[in-house]
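In this text, all values refer to a predicted model and were calculated from it rather than measured experimentally.
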Amino acid sequence: MKVELSVDNNYLNLCKVNVIVNRNGKKKIDREWEKVERFIANSNFAGKNNLIVSLSIDDKTIFQQTKVKHKAECYQSVFHMLESFLMDKLHFYHKLTPEERTSELDAEYRRNRQSLQLLKKVDRKMRRLM
C-alpha cells in the first residue's frame, strides 16, 4: 500500500509524506503526525480548526484539499482523526430525513463509507507493524 498525505493550515505545510506502508513508512508517518500535533498544541490561533488535508491511498483520492477540524486533545494517529471526521459525516447523513437526501448526498455517503473502510484497513495494517 502506498500512502500520500499532506496536512497544512493555509499558511504552513505541517506534514507532507509519500510512503509505502511498512515499518519505515509507519515511522515516517508517525513522526510527521507528531509534528502536526505539537504545532497544534502550541498554536494559539484558529489554524487547528481549519486543517487542509489531502490523502491518497494506492492512488485513490480519499481527501482532496478537505477542511478538517482537529477536535480531540490527541488522536492515536492521523488515520484515527480522519476516521472520526468521516464518521461524523456519516452520522449527519443519517440524521437527514428522506426528503432532504439527494442523489448527490447518497453518492457522497457511499464514497465516504468506502473511504472509511479503506482508512480502517490502512490503520489496522499500521498497528500490526508495531
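- Here NZ of Lys60 is found 10.0 Å from CG of Leu55. Values are rounded to the nearest 0.5 Å.
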Val36 and Tyr75: CA distance, side-chain angles, deciding distance, side-chain contact (heavy atoms from CB on, under 4.5 Å) verdict: CA-CA 11 Å; Val36 173; Tyr75 291 98; over 6 Å; no
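- The shortest non-hydrogen separation linking Val19 to Lys28 is CG1-CD, 3.6 Å.
- Checking side-chain atoms of Ser54 against main-chain N and O of Gln65 turns up a donor-acceptor pair under 3.5 Å.
- Heavy-atom contacts from other residues, nucleotides or ligands closer than 6.0 Å to NZ of Lys27 number 12 or fewer.
- Looking only at side-chain heavy atoms (C-beta outward), Asn50 and Asn9 stay at 4.5 Å or farther from each other.
- Minimum interatomic distance between Met1 and Lys125 (heavy atoms only, all atoms of both residues): SD-CD, 4.0 Å.
- In terms of the side-chain hydrogen bond (donor to acceptor under 3.5 Å, both in side chains) criterion, residue partners of Thr97 (sequence neighbours excluded) are, by chain and number, Glu99, Glu100.
- With Tyr93 as the fixed residue, the side-chain hydrogen bond (donor to acceptor under 3.5 Å, both in side chains) test singles out one of Asn112, Asp88, Asp106: Asp106.
- The residues Glu32 and Lys35 are annotated as salt-bridged, a charged nitrogen and a carboxylate oxygen being separated by less than 4.0 angstrom.
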Criterion side-chain contact (heavy atoms from CB on, under 4.5 Å) on Trp33 and Leu5, from CA distance to verdict: CA-CA 10 Å; Trp33 181 242; Leu5 172 68; 5.7 Å; no
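- Put simply, CD on Glu34 and SG on Cys15 are 11.0 Å apart, with the number rounded to the nearest 0.5 Å.
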Intermediate values then yes/no, side-chain contact (heavy atoms from CB on, under 4.5 Å), Val53 and Phe85: CA-CA 11 Å; Val53 175; Phe85 176 76; over 6 Å; no
Stepwise side-chain contact (heavy atoms from CB on, under 4.5 Å) check, Lys26 with Val21: CA-CA 6 Å; Lys26 179 188 181 337; Val21 177; over 6 Å; no
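- Looking only at side-chain heavy atoms (C-beta outward), Ile40 and Leu51 come within less than 4.5 Å of each other.
- Between the side chain of Asp123 and the backbone N or O of Leu119 there is no donor-acceptor pair closer than 3.5 Å.
- Atom NZ of Lys89 is separated from atom CG of Leu105 by 10.0 Å, given to the nearest 0.5 angstrom.
- Taking a 6.0 Å sphere around CZ of Arg113, one finds it holds 12 or fewer heavy atoms contributed by other residues, nucleotides or ligands.
- Met81 contributes atom CE, which lies 13.0 Å from atom CD of Gln76 (distance to the nearest 0.5 angstrom).
- Judged purely by atom type and a 3.5 angstrom limit, Asp8 has no side-chain atom pairing as donor or acceptor with the backbone of Leu14.
- By the neighbour-count criterion of 12 heavy atoms within 6.0 Å, atom CD1 of Ile20 is sparsely surrounded, having that number or fewer from other residues, nucleotides or ligands.
- Hydrophobic clustering keeps Ile52 apart from Leu82 (ILVMFWY residues linked when any side-chain heavy atoms are closer than 4.5 Å, directly or through intermediates).
- In this structure, Ser56 contributes its side chain and Asp59 its backbone to no donor-acceptor pair below 3.5 Å.
- Under the 3.5 Å distance criterion, the side-chain polar atoms of Asn22 are matched with a main-chain donor or acceptor of Asn24.
- Leu86 places a side-chain heavy atom less than 4.5 Å from the side chain of Phe63.
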